[in-house]
Amino acid sequence: MQRYNPKEIEPKWQKIWEDQGLYHASEDPDKPKKYVLEYFPYPSGAAMHVGHVRNYTIGDAVSRYYRMQGFNVLHPMGWDSFGLPAENYAIKTGVSPRKAIDDNTSHFKQQLMQMGFGYDWSREIDSSKPEYYRWTQEFFLLLHKRGLAYQQESLQWWCPVDKTVLANEQVENGKCWRCGNDVEKKSLKQWFFKITDYADRLLQDLDELDWSESIKSMQRNWIGRSEGMRFKAPVKDTELEIETFSAHFEAFTADTFVVIAPDHPMLSVLVKGLPEEQEVLDFSAEMVKKRDTQGYADEEHVEGIFTGRYIIDPVGNGDLPIWVASYALSHYGTGIVKCSAHDERDFRFAKKYGITLKPVLFPEDPEKAKKVKNLEICFTDMKKGILTSPLEFDGKKAGENRQQIIEYLEGKGLATKTVSYKIRDWLISRQRYWGAPIPIIHCPKDGAVAVPSDQLPVKLPEIESYEPSGDGRSPLARVPEFVNTTCPTCGGPAERETDTMDGFACSSWYFLRFADPHNDKAAFSADKAKFWLPVDDYIGGAEHAVMHLLYARFWTKVMYDAELIKFNEPFTTLRNQGMILAPDGQKMSKSKGNTIEPGGLIDQGYGADAIRLMELFIGPWDQAANWSVEGLGGTYRFLNRIWTLIHEDMSIDSPTILAQDAEVLPIQKTLNKTIKKVTNDLENLSFNTAIAAMMECVNELYKAKEQVKFDQAAPIWRQAGEQLLQLLAPFAPHIAEELWSQLGHTQSIHVSQWPKWDEKYLVEDTITIAVQVNGKVRAELRLSPDVTDKDAIAAAKADPKIQEYIAGKDLKKSIYIKGRLVSLVV
RNA sequence: GCCGCGAUGGCGGAAUUGGUAGACGCGCGGGACUCAAAAUCCCGUAGGGGCAACUCUGUGAGAGUUCGAUUCUCUCUCGCGGCACCA
C-alpha cells in the first residue's frame with residue numbers, strides 16, 4: 001500500500017494549483033464576492049515561524065470554504081516593503097534595500113507556498129516599486145489638495161538611533177517602537193496629515209463595525225474624546241486672555257488656582273516683563289527636559305513654580321494664581337487648567353506648595369465629608385458627590401446634574417461646551433531613504449508646491465551611501481540630481497522635498513490596489529473597487545490596533561469624501577488571531593532561540609497539512625496558545641487515519657449510487673451530522689471544534705468498518721469518503737486533493753461544491769431524556785422526540801428510580817424541556 | 001489607576017448560549033499484533049468512597065436569581081492585553 005507521504009504529495013499539488021491558476025479571481029458578476037485579506041507582511045530576512053503561519057492558515061481556510069460555497073473569492077498577497085529594517089541592513093552591509101527586499105520576498109513567498117496557501121499571485125503587489133508608490137504619492141497630493149496635509153515646525157519625537165522623527169503612536173514608553181532606544185525632542189519642520197479633522201467620524205463609525213471589542217476600545221481610547229467646558233478668563237494687569245478646558249467641571253466653584261504646561265507656547269508671553277520671568281522660564285525648561293528624559297513616574301513627585309500672574313476668574317472665585325506645573329500637558333485641551341480640591345493631582349500640588357483649597361463637593365458619609373472639608377482626603381467622585389455650591393445646586397448630586405450645570409454655565413455666558421481629543425495629527429515625514437518620496441517642490445517664490453500628477457512618480461534615486469546625515473535631513477539631500485529641479489508653477493530653480501513618507505502611508509490603501517493591481521492609469525478603477533471592496537474578512541494580529549487600522553480608516557474616509565469610492569469603512573469584519581507562543585509559554589523570538597519554523601516541521605515529515613490543522617485545532621483561533629509538538633503528532637495521526645480509511649478501503653471502483661439500506665443508515669447519520677457541524681462551525685469560525693467533529697467522524701467510520709458488511713455498504717462508503725474529504729479540504733488542502741483524485745475525480749476538490757446535509761438523517765426515533773428531581777439527575781428515559789409534556793412527565797414519574805425519590809411526597813412542580821429533560825420538584 | 005478579555009481534569013480545550021459538565025486531541029495506564037521494537041488498532045482515564053450496581057464532591061472564591069447556573073447579576077482574588085500625569 002502507498003503510505004501517506006506529505007513530502008511527495010504537497011509540492012506536487014502546489015505546482016498543479018499554481019499552473020492551473022486555481023486561485024485567480026476575476027470580476028464575475030454572477031457570483032457573490034468575498035474579499036478575504038491578511039495584512040501584507042514586511043518581507044524580513046528572518047524565517048516565518050508557526051505564529052505567523054496561524055494568521056495565513058485562518059485566511060486560507062476561510063477563503064477556501066467560501067469558494068466551495070459558491071462565492072467569487074479574492075484572496076491576494078503582497079509586500080509591505082518600505083521601511084527602516086531594509087535601510088539599516090543596507091547601512092550595515094552595503095546591500096541595497098532593493099536587493100535585500102527582493103531576496104527576502106522570494107524567500108518569504110516560497111515559505112508561504114510550501115504551506116499550500118491559495119493566493120492569487122497574479123495580483124502580487126510590492127509597496128516599494130514605483131508602479132505602486134506612484135499612487136501612494138497621488139494620495140498624498142489628494143490629501144494636500146483637500147487641506148489635509150500641512151507642514152509645521154514643531155518639537156518632535158526624534159529617534160537618535162534611527163535618525164528620524166516618529167509619530168506619537170510610534171513612541172512606546174519613551175522608546176522608539178522599532179529599535180527600542182530612548183527618544184528625544186527635536187524642533188523640525190515636518191509634514192502632517194490632519195487626522196484630527198476625522199476624529200469624530202473615526203469614533204462614531206466604530207459602532208457599526210464587526211470588530212473585536214478590544215480593538216474598538218483601543219481605538220476609542222486612542223481618539224480619546226471627552227466632553228467638557230471651556231472657560232475664558234482675563235489675565236490680571238495684562239491685555240491677555242487665557243482659555244482652560246475641563247471635563248470634570250461640575251465642582252467649578254471650587255477652583256482656587258490655575259496651572260499651565262511648562263512647554264506651553266503662551267508661557268513666555270505671560271511672564272514677559274515680570275521680575276521672576278527668567279526664573280520661571282528656566283525652571284519650566286528644566287521640567288520639560290526632565291519629563292522627556294526620565295518622566296515623573298512617581299506620582300508623588302509633581303513640581304511647579306508660580307508665574308507671578310493671576311486670572312480674574314469668570315465664575316467668581318476671585319483672583320486665581322497661575323502656576324506652571326509638571327503634570328500639565330500642553331497638547332491636551334488648551335494646555336491650561338483651572339484647578340481645585342477635587343482632583344488628585346491638583347490636590348497634591350496645592351498641598352505641596354501651600355495653595356488655598358476650597359472643597360464644594362462632598363460624599364454622603366458625614367465622617368468622610370468632614371475629612372474632605374478638613375482637606376485630609378481628596379474627594380473626586382463627580383457622580384456620587386453632593387454639591388454645596390453654587391446655591392442653585394446646593395444639596396444636589398453632581399452626577400445627576402451635569403447637563404443642568406452645562407446649561408447654567410452656558411446660560412450665564414461663563415463657559416462654552418467643547419470637545420477635546422487625545423488624538424493628534426499624523427506625522428508622516430521621515431528623514432530616511434527607503435520610503436516613498438513626498439511629492440513636493442520647494443520654490444523660493446511659490447513656497448511648497450505639489451508635484452503635478454502627470455510628473456509622478458517622484459522616483460527614488462539609486463544611491464551609494466544610505467547613512468543618514470544626522471542633521472535631520474534624509475540621505476536624499478545629498479543627491480543633487482534629485483534635489484535640484486524646477487518649480488512647476490513659475491519654472492524657476494527649486495528644490496525637491498527630501499523627506500520620505502511613513503510606511504503606514506503605503507499600507508493605508510493597499511487593500512484597494514489588490515482590486516486592480518496592474519492599472520497604470522489610476523490607483524484603481526472605480527468599477528473594480530466597487531466590485532471587490534470593502535474587505536469582507538480582514539485577519540491579522542492585534543499589533544495593528546491603533547496605527548495601521550486607524551490610518552487606513554482615515555484614508556478610506558478621505559477617498560469617500562473625494563468620491564473615489566462608495567464605502568466609508570475599509571474592513572467590514574476584523575478578526576484578530578491569538579498568538580502562538582513557544583511550548584514554554586514565552587513569545588517566540590530569534591533572540592530567545594525558541595522559534596519553531598514550519599519549514600523544519602515539514603522537513604521532519606509532518607507536512608503542511610498537519611501543521612495547518614494544528615494551528616487551528618490547538619484552541620479557539622482568537623486566543624493565544626502554546627505550540628505543542630506532541631499535539632502536532634496528533635493531527636498528523638488523524639490525517640494518516642483518513643489516508644488509510646480512504647486509500648485502503650474506498651478507492652475501489654464502485655458505483656456511486658446511494659444505497660438505501662438499514663446497514664448504511666448509521667453511516668448516513670454520522671456523515672450528515674458531521675457535515676452540519678463542520679458547516680456551522682466554519683460559519684462561526686469555530687475551527688477547533690470543526691476539526692474535532694471530523695476526528696469524531698473518522699472514529700465512527702472506523703467502527704462502522706468493523707460492523708458493516710463491506711460489499712453492501714460500498715457505495716455509501718465511497719460517498720462518506722468523498723464528503724469527508726470535502727469538509728477537510730479548507731484545512732488540509734493537499735491530502736484532500738490527493739485522495740479526491742485517487743477516487744477518480746479530474747477536477748479539483750477546491751472548486752467542488754460544499755456538501756449539504758439532509759435533516760432527515762438527523763431525526764432520531766427515540767431520544768434520551770434526563771430526569772431531575774430537585775435539580776439532580778436521577779434517571780434517563782428513552783422517549784419519542786415528539787412526546788407531549790404530559791406523557792414525558794408521566795413516564796418520568798413512573799420510572800422506578802424516580803419513584804424512590806418522589807414516592808409519598810408532594811409534587812410541587814413538574815417541567816418538561818423538549819428533547820432535553822424532565823424536572824420534578826418535591 | 002482606567003479600558004478590554006479571561007480563569008473548566010495531569011495538559012490544550014468542548015458544552016446546542018439557562019437544561020445530563022469534561023466532546024476532540026495530547027499525556028498516562030492496560031490489551032492486541034510482533035521473536036522484539038517502532039508503527040498501527042482496541043479498551044480505560046475529573047476526584048473521593050464501594051467487589052459491585054451505585055453514591056457523594058466538583059467549572060478561581062463568596063453571595064444572589066432559578067425547578068435547574070460553567071452560562072445571568074453583584075462583590076472579591078488572580079492572570080493576559082492595551083492605555084496611562086488626558087484635567
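Proteins come first, then strands; the chains are lettered A, B, ... in the order of their sequence lines, and each starts at number 1. All values below were derived from every heavy atom in this structure, side-chain atoms included, with hydrogens, water molecules and symmetry-related copies excluded. All values reported here derive from a predicted model rather than from experimental measurement.
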Which nucleotide, if any, forms a Watson-Crick or G-U wobble pair with [N], using both distances under 3.5 Å?
| N | value |
| --- | --- |
| B:G6 | B:C78 |
| B:A46 | B:U57 |
| B:C41 | B:G31 |
| B:U65 | none |
| B:C51 | none |

Return the value, rounded to whole Å, for the distance between atom [atom1] of [X] and atom [atom2] of [N].
| X | N | atom1 | atom2 | result |
| --- | --- | --- | --- | --- |
| A:Glu630 | B:C28 | CD | P | 9 Å |
| A:Leu549 | B:C83 | CG | P | 14 Å |
| A:Arg424 | B:C86 | CZ | C1' | 11 Å |
| A:Arg220 | B:G82 | CZ | C1' | 14 Å |
| A:Asn576 | B:G4 | CG | P | 17 Å |
| A:Lys776 | B:G19 | NZ | C1' | 16 Å |
| A:Phe249 | B:A87 | CZ | P | 12 Å |
| A:Leu821 | B:A21 | CG | C1' | 14 Å |

Taking the nucleotide of RNA chain B with the closest heavy atom to each, which residue, A:Lys338 or A:Ile769, is nearer the 5' end?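 Per heavy-atom nearest nucleotide, the more 5' residue is A:Ile769.
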Most 5' of A:Asp681 and A:Phe245 on RNA chain B, judged by nearest nucleotide: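 It is A:Asp681 whose nearest nucleotide is closer to the 5' end.
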Can you tell me which nucleotide in [options] comes closest to the side chain of [X]?
| X | options | result |
| --- | --- | --- |
| A:Asp343 | B:A87, B:G19, B:A23 | B:A87 |
| A:Trp222 | B:A87, B:C83, B:A14 | B:C83 |
| A:Glu213 | B:C5, B:G19, B:A14 | B:C5 |
| A:Val337 | B:C5, B:C67, B:A87 | B:A87 |
| A:Ser214 | B:U20, B:C24, B:G4 | B:G4 |
| A:Ala247 | B:A87, B:A23, B:C83 | B:A87 |

When we call it a touch if two heavy atoms are under 4.0 Å apart, what does [X] touch: a base, just sugar-phosphate, or nothing?
| X | answer |
| --- | --- |
| A:Thr244 | nothing |
| A:Asn688 | sugar-phosphate |
| A:Gly634 | sugar-phosphate |
| A:Asn699 | sugar-phosphate |

Begin from the C-alpha positions of A:Arg225 and A:Asp200 and carry the test salt bridge (charged side-chain N to carboxylate O under 4.0 Å, His left out) through to its verdict. CA-CA 8 Å; A:Arg225 182 181 199 274; A:Asp200 263 324; 2.9 Å; yes
Evaluate the side-chain proximity of [Y] to [X]: yes if any heavy-atom separation is below 4.5 Å, no if none is.
| X | Y | result |
| --- | --- | --- |
| A:Asp210 | A:Leu574 | no |
| A:Lys677 | A:Thr689 | yes |
| A:Thr307 | A:Val324 | yes |
| A:Arg220 | A:Asp207 | yes |

If I pick the [atom1] atom on [M] and the same atom on [N], what distance separates them, to the nearest angstrom?
| N | M | atom1 | result |
| --- | --- | --- | --- |
| B:G22 | B:C54 | P | 16 Å |
| B:G49 | B:C43 | P | 27 Å |
| B:G58 | B:G48 | C1' | 11 Å |
| B:C42 | B:C26 | P | 12 Å |
| B:G12 | B:A23 | P | 15 Å |
| B:G31 | B:C24 | P | 24 Å |
| B:G68 | B:G10 | P | 29 Å |
| B:C28 | B:A39 | P | 11 Å |

Would you say a side-chain N or O of [X] is under 4.0 Å from OP1 or OP2 of [N]?
| X | N | result |
| --- | --- | --- |
| A:Asn774 | B:G68 | no |
| A:Lys801 | B:A53 | no |
| A:Arg778 | B:C56 | yes |
| A:Lys422 | B:C86 | no |

If you measure only the distance, is there a donor-acceptor pair under 3.5 Å linking the side chains of [X] and [Y]?
| X | Y | result |
| --- | --- | --- |
| A:Asn594 | A:Lys587 | no |
| A:Arg230 | A:Thr244 | no |
| A:Arg3 | A:Asn640 | no |

With a 3.5 Å cut-off and just heavy-atom distances, do the side chain of A:Gln772 and the base of B:G19 make a donor-acceptor pair?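 Such a pair exists between side chain and base.
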Under the 3.5 Å rule, do the base of B:C3 and the side chain of A:Ser217 count as making a donor-acceptor pair? no
Donor-acceptor pair, distance only, cut-off 3.5 Å: does the side chain of A:Ser330 make one with the backbone of A:His264? no
So, does A:Tyr606 use its side chain to make a donor-acceptor pair with the main chain of A:Asp609 at under 3.5 Å?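 Not confirmed, A:Tyr606 side chain does not pair with A:Asp609 backbone.
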Tell me if B:U73 is syn or anti. Syn = glycosidic torsion within 90° of 0, anti otherwise.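 What B:U73 shows is an anti base, its glycosidic angle lying more than 90° from 0.
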Glycosidic torsion of B:G81 (syn if within 90° of 0, anti otherwise) classifies it as anti
Using the ring of A:Phe252 (Phe, Tyr or Trp, six-membered ring only), decide whether A:Lys338 places NZ or CZ under 6.0 Å from its centre and within 45 degrees of its axis.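 No cation-pi geometry.
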Looking at A:Tyr702, does the NZ or CZ of A:Arg641 lie under 6.0 angstrom from its six-membered ring centre and within 45 degrees of the ring axis? yes
The correct set of residues in residues 612-629 of chain A placing a heavy atom under 4.0 Å from RNA chain B is A:Phe617, A:Ile618, A:Pro620, A:Ala624
Nearest heavy-atom neighbours spanning A:Phe617 and A:Met695: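 Closest pair (atom of A:Phe617, atom of A:Met695, distance): CZ-SD, 3.8 Å.
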Would you check, one step at a time, whether the test salt bridge (charged side-chain N to carboxylate O under 4.0 Å, His left out) holds for A:Lys669 with A:Glu700? CA-CA 10 Å; A:Lys669 282 189 174 176; A:Glu700 283 170 26; over 6 Å; no
All N/O contacts under 3.5 Å from nucleotides 39-41 of chain B to the protein, with atom names and distances to one decimal?
{"residue": "B:C41", "atom": "OP1", "partner": "A:Arg641", "partner atom": "NH1", "Å": "2.7"}

